[in-house]
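Beneath this line is the structure, given in structure tokens, with notes to follow.
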Amino acid sequence: MILMKDVHKTYANGVVALSGINVDIKQGEFVYIVGPSGAGKSTFIRLMFREVKPSNGTIRINDINVNDLKERKVPYLRRNIGVVYQDFKLLPKLSVYENVAFALEVIEESPAVIRKRVMEVLDLVGLKNKARFLPDELSGGEQQRVSIARAIVNHPKIVIADEPTGNLDPETSREIMKIFEEINDRGTTILMATHSKEIVNTFRKRVIAIEDGLIVRDEHRGDYGYES
Amino acid sequence: MILMKDVHKTYANGVVALSGINVDIKQGEFVYIVGPSGAGKSTFIRLMFREVKPSNGTIRINDINVNDLKERKVPYLRRNIGVVYQDFKLLPKLSVYENVAFALEVIEESPAVIRKRVMEVLDLVGLKNKARFLPDELSGGEQQRVSIARAIVNHPKIVIADEPTGNLDPETSREIMKIFEEINDRGTTILMATHSKEIVNTFRKRVIAIEDGLIVRDEHRGDYGYES
Amino acid sequence: MRHIREGFKNIGRNGWMTIASVGAVTTTLILVGAFLALMLNLNEMADNIEDDVQIDAMIEQTADEEQIQNLGNEIEKINGVQSAVFSSKDDQLNSLIDSMGENGQAWQMFEQDNPLNHVFVVKTADPQDTAPVAKQINELQGIQSVNYGQGVVEKLFEFNSYARTIGLVLILGLVFTAIFLISNTIKITIMARSKEIGIMKLVGATNGFIRWPFFIEGLLLGVLGSIIPVAIILTGYYYLVNNISQHINYSFIEILPFNPFAFQLALIIVAIGALIGVWGSVMSVRKFLKV
Amino acid sequence: MRHIREGFKNIGRNGWMTIASVGAVTTTLILVGAFLALMLNLNEMADNIEDDVQIDAMIEQTADEEQIQNLGNEIEKINGVQSAVFSSKDDQLNSLIDSMGENGQAWQMFEQDNPLNHVFVVKTADPQDTAPVAKQINELQGIQSVNYGQGVVEKLFEFNSYARTIGLVLILGLVFTAIFLISNTIKITIMARSKEIGIMKLVGATNGFIRWPFFIEGLLLGVLGSIIPVAIILTGYYYLVNNISQHINYSFIEILPFNPFAFQLALIIVAIGALIGVWGSVMSVRKFLKV
Ligand SMILES: Nc1ncnc2c1ncn2[C@@H]1O[C@H](COP(=O)(O)OP(=O)(O)OP(=O)(O)O)[C@@H](O)[C@H]1O
Ligand SMILES: Nc1ncnc2c1ncn2[C@@H]1O[C@H](COP(=O)(O)OP(=O)(O)OP(=O)(O)O)[C@@H](O)[C@H]1O
Ligand SMILES: [Mg+2]
Ligand SMILES: [Mg+2]
């Protein structure tokens, strides 16, 4: 489903973020991306939905070559991938409800379906009563949960989450993990970059460790692995 | 040093974030603020340097009444408090170096002192080689460390950190904690809101737990306390 | 539908930015409107002055009535001639005496012994034809000489043509400035939202999906921005026509009538506002769609 | 020092926003400059036309040379009179014949029996004094009548005064529009930075510390924005003075000389740009300092 071959990424300022990534992720897998700060996890994630383009190498998602994809086609790729951004990326002038609904409006869902799905998913992340608020009126953890809600609202085939529990307490984190496991059980592929040793060691999944732009470990049912 | 009496905070949209906070923090203490997402931790923190004003109650810092402080005097209060923001609040058009230097420029330090201090503190957080980068060119964890560097660069009497390790791997988190302990040893008061059970349970300090806008626990050498 | 709704909502969501944009559109259009009104009226006045130009074709003293009649017919046949009116030498003397004011009275004694000629007063359909027509008349048998203010009339036409060119340049310059300023303002407000546009693209919005609300928003900005200018133009021009024009009373100062001129002008203003609004908004958003 | 340095740096940091602001300042100032040049020249022309107004004081036929000499002295003593030049009745007839062109030749036969008067051609220091001075002259012994284009001159002055008022209103309107548009554009660009201003305040910056770089930045925006307008005015006006003015040749079209007029205008343009830049920038930033 997700296939990367010898992927390199050097940013415009000369920083080498990835230097030769090879990876094969099957449909329905649940994969943690771990590694120290600045290792290249977010860059790795951003390649998949073409937020950044690789300097070298090929990326295939569902047999679509992401590099060669026409500009026009990119939105359709992105609709199949729900992304929780490390910095949330909420639209500041839209309410919580409108932010989540946006992901359904782009695929032209009917208003009735939108209302139902959005309220369902806001309920799931515990923000049903904050639907009318603006992002600025939320706490950090609440904003993060809106970003999670938006990522999963349109039942994407792949969910990519960059540090989705960084601003959540362990209790709420666990609830979010349960949601991810549930949609994973329904066949959704999940990629999650995380620094949470506790989560990785509790919910055992495949672990890919990135250091200095290279995959240094790739274990099924692995642990967080770094000494504490 | 920090004294809150019956502090209430209701936001403009009607959300009651704090409903009766009483707390007394002595000079040189190291205090964790824990609690679920949306409990009011960030609000509690923001009151101290007047990012928000309380709806009710009094806040005294170093015997200065923060509520009654004249608008003109607020910058001088803020210069004594180094803050690590949950959303970093870096100036997007300034380089890492300039962002950190800004905290020294406002107190009109000499250019030579500024250069020395900034490079020192960037070295401390491991970003010496990224001094010329813009915040947008950094990873999440790197941005967070810039925010930490800026908070401590001018040797403030109080350091307030809102979830300062949310985007950092355990190894880097530990290094940051060591920095905090070190400046705490030199007499700096430290307040730190965190969701990291690991940190709280490893570096034992005073723990204040907030739930639904109220302090529900206040223990010296406490643990994170919530079931995992 | 969604796009129209979102376009309207954005007007509200962007608060201060909307007010600033609408303010820029408003001021610019007031300027354009005022100058258009002024220039079009000046143009009209220039037309009126040119229309006053006439050819005095002096008939030889020896011509009898029949010859004069024939001459009149011949003149009317010339291409470009609109009318040829006979004016006897007595009429000519009277109008000369009139035009000289007090000075003229000294000349009344010559009424018995009038040295002037009978004259055909000729008007051309297009004032620009005055010189060639006059030349043709001059060649007719029985015409002693023609007088249409040779020299002065050419200068008048030259001056008016310069004035018209300057006016046109000013108006065009002003309209282009307006286009630039309005679209520039809109561009800045959209620039301030480039991050949001980037987020929309990341969530899977197509360029069209993002562009449409901006289209509507630009249209609204333009139309909202033209409300005050239109109101000012309509009331201001109404006031002008009804008051000022009574006080100034030169034959050549003739203001264009309120209806339909003011309404046409209002329409132009709204059209400029709406078009530039849409254009500025769509062009600016294009830049940020390449994320 | 830091503030000046930061002000300059911000010009670069804000890239597109700076370009957009400078663009708005540039276009607006070109407009203001062009209209100022036009209006000041038209005003000068109106002055010239008014300066051409003169009073013809007709001397009674019976006056002898000594009386005429005395009359001249008396006229020159009247308050507001600049000069009084004697013109004999023969001069008068000649200039009448000249002014009538071909028609005039018919009158040459009256040269022996000239019905005109000797005349004093009087000029007033201030053209506006024409009517009262003429009245005073008229009351002098030995003056038959005065003629200064009664009626027409009053209308000319009235028209010029209307034209001047309209011109002034237009220029003022334009300058205020320019002020609004420039400060509005700057306001929007600063609005887009309100978050950054908030962060600066949170890091402990005083209002003054934040304001100074904006002050410098506004000054720079204004000055940068006036470079192109000044260049256009200087070269454009130079071209106009040297070329166009040779082609138009009416006595009353007289363009103000390049030096010092163009330089004064350039100075005004730079001053407007700099002042509004600073003012717009400082006023806008004030709004966001209340964090
Ligand atoms: N837009 C960018 N332009 C230039 N360099 C960048 C950019 N984004 C990231 N980098 C650099 O690329 C490297 C990898 O960044 P990345 O965001 O992938 O790290 P990460 O593993 O996600 O780190 P973290 O855990 O701190 O989020 C870092 O050194 C960073 O400074
Ligand atoms: N600017 C604001 N306007 C209105 N309501 C706000 C604002 N900021 C926070 N709130 C609300 O106040 C409550 C407390 O927020 P606060 O940010 O203090 O929580 P927190 O304990 O820091 O949570 P987290 O761990 O998720 O950061 C939340 O319910 C939030 O929705
Ligand atoms: Mg990252
Ligand atoms: Mg918080």
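Note on naming: letters A, B, ... go to the chains in the order of the sequence lines (proteins, then strands), and numbering restarts at 1 for each one.
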Distance from C:L181 atom CG to D:T28 atom OG1, nearest 0.5 Å?
-> 4.5 Å
Please state whether the side chain, the backbone, both or neither of C:F176 comes within less than 4.5 Å of a heavy atom of chain D.
-> neither
Hey, could you give me the CG/OG1 distance between D:L31 and C:T177, rounded to the nearest 0.5 Å?
-> 4.5 Å
Who in residues 11-19 of chain C is close to chain D, using a strict under-4.5 Å heavy-atom cut-off?
-> C:W16, C:M17
Taking all non-hydrogen atoms of both residues, which atom of D:N184 and which atom of C:A24 are closest, and how far apart?
-> ND2-CB, 3.5 Å
Which atoms of C:K195 approach chain D - backbone, side chain, both or neither, heavy atom under 4.5 Å | neither
Is C:K135 atom NZ crowded by more than 12 heavy atoms from other residues, nucleotides or ligands, each under 6.0 Å away?
-> no
Check whether C:L38 gets within reach of chain D through its side chain, its backbone, both or neither, counting any heavy atom under 4.5 Å.
-> side chain
